[in-house]
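Heads up: the structure comes next, in structure tokens.
Source: prediction; values computed, not measured. Throughout, a chain's letter reflects where its sequence line sits, starting with A, and its residues are numbered from 1.
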2 protein chains.
Amino acid sequence: MTAMAPKNVDWNRFVDTLSGVEVIRDRPQVEKLSKDYYYFSPILQTQLADKTADLVVRPKSEAEVLAVAKACVAERIPLTVRGAGTGNYGQCIPLAGGVILDLSRLNAVKWVKPGMACVEAGAKLAAIDKVTQPQGWEIRMYPSTYRTATIGGFIGGGSGGIGSIMYGQLRDRGNLNAVRVVTLEDEPRVLELRGDDVQQVNHAYGTNGIITELEIPLGPVYPWAEVIVTFDNFMTAARFGQALGDTDGLIKKLISVHAAPIPSYFAGLKAYLPEGCHAALLMVAEPSMELFQELVKEFGGTVTYHKPAEETGKKTLLAEFTWNHTTLHARNVDPSLTYLQTLFPYDPELKLVQHMHEHFGDEVMMHLEFFRVGGAVIPAALQLVRFSTPERLQAIIDYHEANGALIANPHTYLLEDGGMKTINPVQVDFKAQVDPYGLLNPGKMRGWLERMAG
Amino acid sequence: MTAMAPKNVDWNRFVDTLSGVEVIRDRPQVEKLSKDYYYFSPILQTQLADKTADLVVRPKSEAEVLAVAKACVAERIPLTVRGAGTGNYGQCIPLAGGVILDLSRLNAVKWVKPGMACVEAGAKLAAIDKVTQPQGWEIRMYPSTYRTATIGGFIGGGSGGIGSIMYGQLRDRGNLNAVRVVTLEDEPRVLELRGDDVQQVNHAYGTNGIITELEIPLGPVYPWAEVIVTFDNFMTAARFGQALGDTDGLIKKLISVHAAPIPSYFAGLKAYLPEGCHAALLMVAEPSMELFQELVKEFGGTVTYHKPAEETGKKTLLAEFTWNHTTLHARNVDPSLTYLQTLFPYDPELKLVQHMHEHFGDEVMMHLEFFRVGGAVIPAALQLVRFSTPERLQAIIDYHEANGALIANPHTYLLEDGGMKTINPVQVDFKAQVDPYGLLNPGKMRGWLERMAG
């Protein structure tokens, strides 16, 4: 599937043309910076284990990014953008070698206004919050890799996370205001995309432009309490999650529901997770806590953990056991486990969730994350799967899709074959415009591969 | 329908027992303070025009409320609580004479915490915001009578309003944290109700306790822009409203959609409402404005008015043309108009809205207010009706209900016959406990009348 290999490049000469830009050529470091958490998938493990860049560059300014772009175009060297490498599908793994553009040093918060910030692509999400929170605003949504992930990587390779129960997904109109993008033309330029034009590069794995700067909307800071509620019965836990999502008067940022035995994988939370329990891991605004307790009572749950807002931020974050961190913790205990990503249809009765839970039993352990899609609360699932063979994994995926549960396949590195399913001609057209030589993260955009082949 | 008349009271002696409490006996003033906006309904006009209290008392403290309660119980005098009298269904009109308890002087903001405030019942909504907004928090939702209405009156007689697109309705769990209630027992007491117990008195028209103090959750302050978008076609305007409601990334506090000729009734907005237009009156957070414009473009709307957040609060509030103020403005032009209150079922395609719009044409002019119900965005309607006869009005109501649109009848002063439809035994039981003589706002709670009759 490698789209193109770099030519026989004189790397010493290449490095010389980048005077002043930090370059990493130490092999172990280059290998490390060529990878993400792709090994969550046994399929991707096989496909991506040997993929490595030739070297890594770490620009500190947009001017340095332009210099790197120019040098790569001149030599037709593939360029793959990297944030913090916290993706799960090889988004930042270079299929064709070449240069890794590590943006983690391009990390300034340029300005903050009420409800908005302008940040460089390599700014870590937690670092942005440190600047904006004292002004009353915070990142609207973040992945479970909040402390390490960069905003550019999240926009380029993520889709949502903690906070999506309030604001939906990153791709939803309103969750990204503007971006600056460096092109890979003969004379690389900086373009500013605003309004719906941001969708040209939003969640495109860095295949059609180098995002250097972003204007992002912020949410108001609430005092967030972290809470664990346990249940004797999984479907009660799931229905509690849906009801909490649907109760408009209760403010929440995270509704993460785990069927037994998933809670047993959370070593750091052992004291709060009785054996055999099903658990909801939650972030609830303090002003909602009192009435939240009434909802817990209605569903017969038990609050086993409540860290008030003034103590959060210290030590473990509960969010670091949710979304894809659930898979991480589970695999720490049992490395043979893998996972799925599933979008259930809108149905407050959760009939299809119940069917899949009962149908697959322990082979596909249910892990729900509730979030907003088109104004309604639905569960996504990041089920843990006891992996046997690729064929069986595919059969599980097929069964879900045949029954109306959309799988955002985490076992492919192809952009369109994950959650999107269809080729987005707008993104392919934009690539044709700004990356005429197909140098950006080659081999990841199926629409481009097909256009080149056709 | 009068439940009981006051006995032959020696009012001079009664006033003497209230030493220190402000008493109003001037007839024109007492008559004025016995009324609300009931005359929006030609049905209620007939039923309530002659209802007047014997006198009005205006306590300044909870202790004074207790003194009034004790005096009324001793003489078995009916007591009807009044906020600012901005209700529309005669909620505060005394059917059996007696005392009006005007709480507008009991108006302190006692404390503010992040996301919460403790306020006395007579505090005006706008006055609460004046205290809390500098701390970053504001009233979650308010009626179009924001500048004059009191929080106690809103909780006692309202159901939602501007902000309900974010937080749902007042009755939803999480939108009222606690209340203090004075009873009408032989020895009146002050009770504190917390958690779900607040539902015993929430939206009960003051029939089962005198709310003196409330703990309310607050929402974060956003910079709200006021916007008018016009459309050539009503259903396009309606679908735009639904889409805006469903776009989770765009932050909004008001989505009010008006079919022609309703915009022509808004004299104060004439410059922004071309003849024959259909219009959406909106409050959108400034950080969402840029991408909001893309949604407007998608639906072919025209932004005719945009008052940036820094200028709102000055002069006219756009919200004062929405919810029940729409009816007020329309009746200023044509006093023969009346209105309905309708809850449409969840249907992003708005099929039933379209049917009713087309079926009734100009007789029932469509006015939609989008809000959240159980996690989903639906339109309520406060249609303007060209009134002919009570029988025709009833036929219009019946047609809606037969087709699945629930009417929250604004042409009845009975608590349960408005939006609730069913008797709430919890509220009736609570009345039996705290108002054993049935003195509080007599004749309004059907459940109590039936219990007494049975």
Side-chain angles (χ1 to χ4, degrees), chain A residues 113-117 136-137 140 164-178 194-198 215-223 242-251 285-295 297-298 309 346 348 371-377, chain B residues 113-117 136-137 140 164-178 194-198 215-223 242-251 285-295 297-298 309 346 348 371-377:
Chain A
K113 294 181 196 172
M116 244 194 287
W137 300 95
R140 279 192 180 177
S164 285
I165 186 64
M166 307 181 81
Y167 302 106
Q169 294 186 277
L170 287 174
R171 72 174 62 111
D172 293 336
R173 198 181 252 155
N175 284 328
L176 177 60
N177 286 10
R194 306 200 66 90
D196 280 355
D197 284 347
V198 300
E215 273 180 44
I216 53 170
L218 302 172
V221 172
Y222 272 99
Q242 180 75 47
L244 177 57
D246 284 341
T247 303
D248 302 305
L250 297 177
I251 310 299
E286 285 290 350
S288 291
M289 275 304 295
E290 183 170 1
L291 283 142
F292 163 81
Q293 304 271 6
E294 302 280 5
L295 188 73
K297 204 190 296 172
E298 184 182 325
Y346 176 64
F371 71 143
R372 285 203 171 278
V373 174
V377 173
Chain B
K113 293 182 197 171
M116 243 194 289
W137 299 95
R140 279 191 179 177
S164 285
I165 186 64
M166 307 182 80
Y167 303 107
Q169 294 186 275
L170 288 174
R171 72 174 63 111
D172 293 335
R173 200 181 250 155
N175 283 329
L176 177 60
N177 285 9
R194 305 200 66 90
D196 280 355
D197 284 347
V198 300
E215 273 180 44
I216 53 170
L218 302 173
V221 172
Y222 272 98
Q242 180 75 46
L244 177 58
D246 285 341
T247 303
D248 301 306
L250 297 177
I251 310 300
E286 284 289 352
S288 291
M289 274 306 294
E290 184 170 0
L291 284 142
F292 163 80
Q293 305 270 7
E294 301 281 7
L295 189 72
K297 206 191 297 173
E298 185 181 326
Y346 176 65
F371 71 142
R372 286 202 170 280
V373 174
V377 173

Next on the checklist: Quick check on F292(A) against chain B: is it the side chain, the backbone, both or neither that has a heavy atom closer than 4.5 Å?
Outcome noted: neither
Item to check | chain A interface, residue from G219(B), P287(B), A285(B) that has the most non-hydrogen pairs under 4.5 Å | outcome: P287(B)
Checklist entry - Looking at K297(A), M289(A), E298(A), which one has more heavy-atom pairs under 4.5 Å with chain B than the rest? => result E298(A)
Item to check | Non-neighbouring partners of Y167(B) that pass ring-ring contact (aromatic ring centres under 6.0 Å, His included), sequence neighbours left out | outcome: none
Checklist entry - Side chain, backbone, both or neither: which part of Q293(A) has a non-hydrogen atom closer than 4.5 Å to chain B? => result neither
Checklist entry - I251(A), D172(A), L218(A): which one forms the most heavy-atom pairs within less than 4.5 Å of chain B? => result I251(A)
Checklist entry - Side chain, backbone, both or neither: which part of L295(A) has an atom under 4.5 Å from a heavy atom of chain B? => result both
Checklist outcome for this item: Correct closest heavy-atom pair for R140(A) and S288(B) would be NH2-OG, 4.0 Å
Next on the checklist: Regarding R194(A) and E290(B), does a basic nitrogen lie under 4.0 Å from an acidic carboxylate oxygen?
Outcome noted: yes
Item to check | Which atoms of M166(A) approach chain B - backbone, side chain, both or neither, heavy atom under 4.5 Å | outcome: backbone
Checklist entry - What heavy-atom pair brings E294(A) and D196(B) nearest, and what distance separates the two atoms? => result OE2-N, 2.9 Å
Checklist entry - Does any heavy atom of chain B fall under 4.5 Å from the side chain of P114(A), the backbone, both, or neither of them? => result both
Item to check | Check: D248(A) side chain, G375(B) main-chain N or O, donor-acceptor pair, under 3.5 Å | outcome: yes
Next on the checklist: Under a 3.5 Å distance rule, please check whether R372(A) uses its side chain to pair with a backbone N or O of T247(B) as donor and acceptor.
Outcome noted: no
Checklist entry - What residues form a side-chain contact (heavy atoms from CB on, under 4.5 Å) with N177(A), not counting sequence neighbours? => result M116(A), E215(A), P217(A), L291(B)
Next on the checklist: For a quick test of reading the model, state the closest non-hydrogen atom pair linking Y222(A) to P220(B) and the distance between them.
Outcome noted: OH-CD, 3.0 Å
Checklist outcome for this item: Of the listed N175(B), V373(B), V221(B), the one with the largest count of heavy-atom pairs under 4.5 Å with chain A is N175(B)
Item to check | chain A contact via A376(B) - which portion, at a heavy-atom distance below 4.5 Å | outcome: both
